[in-house]
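FYI, side chains are in, hydrogens and waters are out, and symmetry mates aren't considered; it's all heavy atoms of this structure. Read the numbers this way: they start at 1 and go in the same order the structure lists the ligands and their atoms.
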Amino acid sequence: MTPKLKLIDIHCHLDFSDFDPSTKLGASRDEVIKRALEAGIGMINIGVDLETSQKSIALAEKYDGVFAVVGIHPHDADKKIDFKELKKLAKHEKVVGIGECGLDNVRSSTSNIEQKDIFEQQIELALELDKPLMIHCRDAHKEVLEILKEYKNNEASLRCNIHFFSGNWEQAQEYLKLGFSLSFDGPITFSHDYDETIKNMPLGRIMAETDSPFAAPVPYRGQRNEPLYVQEVVKRIAEIKVISFEEAAKQTTKNAITFFGLE
Ligand code: NI
């Protein structure tokens, strides 16, 4: 049973060493999770390879209100990946999606062919298990859209969220046309690049995330990020949409519960 959640950080990496008990960066992993849950903030921890996917599941098993997404990040596309093992992990009852997966043309040590191959295998896994996808896309919207459009044409059940959306309004509309959602992070609190998309898109397709430990919002910029700070992201969404914080919180949380099937 999930406690009543007021907000959900749909994308964080609390298994990273930045949250180890020995870290000098601030509170430990367990403290960070507890203070978010105490504030009514649930979270989805995201795997980037098999090891972090396993760690995500372990965190989700430990806490009500914490869920896991398992998958292989495009930065890890050159590792040898045991897809049978990934499938086994993906069937866990607290795994609510597949990812983060996609294409990355910015910070990439892996080739396009490797990236595309493991991306497509994960799309197929998501379809097979009927779970949504957490998409990572950096400067590759044209290619990602091409792939997703083709799959969506054949499999109407394909569900995707474009995590850390960093495209423009034109690209946003392409994803929205496919029925997908977009999630936003700390940068919306200090850059106006996202205003047009957030202002124009339906509130029913927006979710909030932190991508902790990265990309902390104002007023925590430069510090280690944590799920509690998703409040700042939702505050900014409310401001751009000219609605109350409560309304933005309620709707983005409802979106996350519906999209990931959180119970
Ligand atoms: Ni991430």
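In this pair, His73 and His75 present their aromatic rings tilted. The plane angle is within the 30 to 60° band. Ring geometry for His163 versus His136: interplanar angle of 30 to 60°, hence tilted.
Other residues, nucleotides and ligands place more than 12 heavy atoms under 6.0 Å from the CD atom of Glu85.
The minimum distance between the Ni ion (ligand 1) and any N, O or S atom of Asp211 involves atom OD1. Nearest N/O/S atom of Glu100 with respect to the Ni ion (ligand 1) is recorded as OE2.
Taking 2.8 Å as the criterion, His163 does not count as a coordinating residue of the Ni ion (ligand 1), since none of its N, O or S atoms falls below it. Taking backbone and side chain together, Cys12 holds no N, O or S atom under 2.8 Å from the Ni ion (ligand 1).
Hydrophobic clustering keeps Tyr151 apart from Phe259 (ILVMFWY residues linked when any side-chain heavy atoms are closer than 4.5 Å, directly or through intermediates).
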